[in-house]
Participant: 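Please read through the structure below; I'll follow up with questions.
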Amino acid sequence: MSDLKTKHCQACEGFTEPMSREDAERGLGQLDGHWGIDEAGHSIQRSFKFKNFHETMAFVNAVAWIAHIEDHHPDMAVGYNRCSVQFSTHAVGGLTENDFICAARIDALFD
């Protein structure tokens, strides 16, 4: 999973098993330290804070564009000055490299 920001998501049809917890922890190590893995090891999530609604919506639109380009879509919860993003590859019932690629691309918005 080297240099996740430069990779692109792959179609999920070839995956038979979700990523192991150990592999997911390694992937998490390549992301901003604010990402976390749920207790079951099936998803990664991060919460973002913003100054106002306008900045929040700009972020949401940027994430939507990343999801569109990569054809890999997160679950998002949006409020006035906050947004939570959660990735999981529903086709396999857990995490794949695609989840970490999209998370790294979101992290790159703040580089």
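Throughout, numbering of the chain's residues begins at 1 and tracks the sequence.
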Participant: Do the side chains of Arg46 and Val85 get nearer than 4.5 Å, heavy atoms only?
Facilitator: no
Participant: Under 3.5 Å, which donor-acceptor pairs do the side chains of residues 60-70 form with other protein atoms, sequence neighbours left out?
Facilitator:
{"unit_1": "Asn61", "atom_1": "ND2", "unit_2": "Met57", "atom_2": "O", "d": "3.2"}
{"unit_1": "Glu70", "atom_1": "OE1", "unit_2": "Cys9", "atom_2": "N", "d": "2.7"}
{"unit_1": "Glu70", "atom_1": "OE2", "unit_2": "His8", "atom_2": "ND1", "d": "2.8"}
{"unit_1": "Glu70", "atom_1": "OE2", "unit_2": "Arg105", "atom_2": "NE", "d": "3.3"}

Participant: Taking all heavy atoms of Ser88 and all of Leu95, pick out the closest pair and write down the distance.
Facilitator: CA-CD2, 4.4 Å
Participant: I need the single residue from Asp32, Asp111, Asp107 that forms a salt bridge (Lys or Arg N to Asp or Glu O under 4.0 Å) with Lys5. Which is it?
Facilitator: Asp111
Participant: Which pairs, with at least one residue in residues 29-51 and sequence neighbours excluded, count as a ring-ring contact (aromatic ring centres under 6.0 Å, His included)?
Facilitator: Phe48-Phe59, Phe48-Phe110, Phe50-Phe59
Participant: Is the closest side-chain heavy-atom distance between Ile106 and Phe87 below 4.5 Å?
Facilitator: yes
Participant: Run the numbers on Ile37 and Glu25 for side-chain contact (heavy atoms from CB on, under 4.5 Å), then give the verdict.
Facilitator: CA-CA 8 Å; Ile37 299 177; Glu25 292 286 348; 3.9 Å; yes
Participant: Given side chains that start at C-beta, do those of Asn98 and Lys7 come closer than 4.5 Å, heavy atoms only?
Facilitator: no
Participant: Just grab all the side chain to side chain donor-acceptor pair (under 3.5 Å) pairs involving residues 50-59, residues at least two apart or on different chains.
Facilitator: none
Participant: I want to check something: taking the side chain as every heavy atom from C-beta on, are Asp75 and Gln45 in contact at a cut-off of under 4.5 Å?
Facilitator: no
Participant: Is there side-chain contact between Met76 and Cys83, with heavy atoms separated by less than 4.5 Å?
Facilitator: yes
Participant: For a quick check under 3.5 Å, do Thr89 and Thr96 share a side-chain donor-acceptor pair by atom type?
Facilitator: yes
Participant: Determine whether His72 and Asp99 make a side-chain contact, defined as any pair of heavy atoms from C-beta on separated by less than 4.5 Å.
Facilitator: yes
Participant: Do Leu31 and Phe100 come close enough that some side-chain heavy atom pair is under 4.5 Å?
Facilitator: yes
Participant: Roughly how far apart are Ile101 CD1 and Gln30 CD, rounded to 0.5 Å?
Facilitator: 10.0 Å
